[in-house]
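Working notes, structure below.
Residue numbers start at 1 and run along the sequence shown.
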Amino acid sequence: MTDIQEALRKRARELIQSGELIYLIGWEETRTDNKMRTAFIDKAEDADKLVWNKYCVTSTAKYLLDDRWPKGKIGVCIRGCDSRAVNRMLADKQIKRENIYLIGLPCEGKENPVCERCAHKNPVVYDEMIGETVADKQAPERFAGVEELDKMPLEKRREYWEKQFDKCIRCYACRNICPACNCRECFADQYRTGWQGKQMNRAQNMNYGLTRAYHVGDRCIECGECERVCPMNLTITRLTGKMLKDIGDLYGDCECGLSDDQVSALGEYTLADADEFM
């Protein structure tokens, strides 16, 4: 990883110094050895702050939504999950491809449990790649947590999710980090009666969680960031995973973010679609 880190710093320095990029989104150290944070490098001399190690967990792509109309090209360091996030936002027409420059990095997994389920170690899209690609492999037990819940009696499942949402404090961290949550105004921020109540109770928490799951269910890139940032440790990926599994069972395998022109499964239909559920 040291070789990749040095190559990344060198390339970042060149791109910013030449004016090709106005800034680069990557990772930098904090006061804690095992915690890295998102870095925004806009000076060539600051390129040496960039790091690449097993603690570079934070997603980089979502920050592009904070600068939708840049006055130049933004560089982004991307792994497999970040590249799928970029494709998600491009498909949703939230960002423009000509405004971003993608620096791909091979990733064998970070200090993040969701990495064990990752089937795309290398970026699926990039402008240049730093380092040798690593072998992709089929993610083991992609829906293991979902299948475990599906085997439970209905009443037990209801109790499970009630306990989960009783913990929710509606901080919206899951929404704020999710690349598929890219509406200009979220339903949860609406003040119209009947959209989303502001009370902190089970019913309103479930309304938020389940509505969000349906909104992103056929667009989820399975990065697991929602679950990683949740301060109450809700098993959010089991909700979105349930959506992806059911969509796959009905219409065929559903892996989102592999291209920037992928149509959402719930956004189209054909006369050949399964309709036994209707």
Does K151 pair with E147 as a salt bridge, N-O distance under 4.0 Å?
no

Atom of T38, atom of S59 and distance for their closest heavy-atom approach
OG1-O, 4.3 Å

In the hydrophobic clustering (ILVMFWY, side-chain contacts below 4.5 Å, transitive), which residues join L210, or is it alone?
L149, M152, Y160, W161, F165, I169, M206, M232, L234, I236, L239

Taking side-chain contact (heavy atoms from CB on, under 4.5 Å) as the test, write out the residues that go with A180, two or more places apart.
R88, C178, V216, R219

Flag this pair as yes if the NZ/CZ of K110 is under 6.0 angstrom from the six-membered ring centre of W52 and inside a 45 degree cone about the axis; otherwise no.
yes

Smallest separation among heavy atoms of D218 and I247, with atom names:
CB-CD1, 3.5 Å

Quick one: salt bridge (Lys or Arg N to Asp or Glu O under 4.0 Å) partners of R228, sequence neighbours excluded?
E225

Those residues at least two apart in sequence (or on a different chain) that pass salt bridge (Lys or Arg N to Asp or Glu O under 4.0 Å) with K73 are none

Would L15 and L24 count as a side chain to side chain contact (heavy atoms under 4.5 Å, CB included) here? Give the steps.
CA-CA 9 Å; L15 290 167; L24 175 71; over 6 Å; no

Any side chain to side chain donor-acceptor pair (under 3.5 Å) pairs touching residues 40-51, not counting sequence neighbours?
R13-D48

Among residues at least two apart in sequence or on other chains, which ones pass salt bridge (Lys or Arg N to Asp or Glu O under 4.0 Å) with E128?
R11

Run through N87, D127, D260 and flag the one making a side-chain hydrogen bond (donor to acceptor under 3.5 Å, both in side chains) with R97.
D127

For the pair T211 (side chain) and Y208 (backbone), establish whether a donor and an acceptor sit closer than 3.5 Å, ignoring hydrogens and angles.
no

Using the rule given for side chain to side chain contact (heavy atoms under 4.5 Å, CB included), can you reason through I78 versus I103, listing the C-alpha separation, both sets of side-chain angles and the distance that settles it, and then say yes or no?
CA-CA 6 Å; I78 56 169; I103 299 179; over 6 Å; no

For M89, what residues pass the side-chain contact (heavy atoms from CB on, under 4.5 Å) criterion, not counting sequence neighbours?
A61, L64, L65, Q94, I95, P179, N182

If a pair satisfies salt bridge (charged side-chain N to carboxylate O under 4.0 Å, His left out) and one of its residues is in residues 76-85, list it, with sequence neighbours excluded.
R79-D82, R84-E222

Do I74 and Y101 share a hydrophobic cluster (ILVMFWY, side-chain heavy atoms under 4.5 Å, transitive)?
no

Find out if a path of hydrophobic residues (ILVMFWY) with successive side-chain heavy-atom gaps under 4.5 Å connects M36 to L105.
yes

Salt bridge (charged side-chain N to carboxylate O under 4.0 Å, His left out) contacts touching residues 17-32 (sequence neighbours left out)
E28-R37

Sequence neighbours excluded, which residues qualify as salt bridge (Lys or Arg N to Asp or Glu O under 4.0 Å) partners of D261?
none

What are the two closest heavy atoms between D33 and Y55, and how far apart are they?
O-CD1, 3.7 Å

Which atom names give the shortest non-hydrogen contact between S83 and P123, and what distance separates them?
OG-CA, 3.4 Å

Tested for side-chain hydrogen bond (donor to acceptor under 3.5 Å, both in side chains) against E255, the lone hit among H120, R142, Q262 is H120

Could you work out, with side-chain contact (heavy atoms from CB on, under 4.5 Å) as the rule, every residue matching V229, not counting sequence neighbours?
A173, I177

Side-chain heavy atoms nearer than 4.5 Å, only ILVMFWY residues, links allowed to pass through others: does that put Y23 and Y126 together?
yes

Side-chain donor/acceptor of N112 to backbone N/O of C115, under 3.5 Å:
no

Sequence neighbours excluded, every pair satisfying salt bridge (charged side-chain N to carboxylate O under 4.0 Å, His left out) that has a member inside residues 163-182
D166-R202, R175-D189

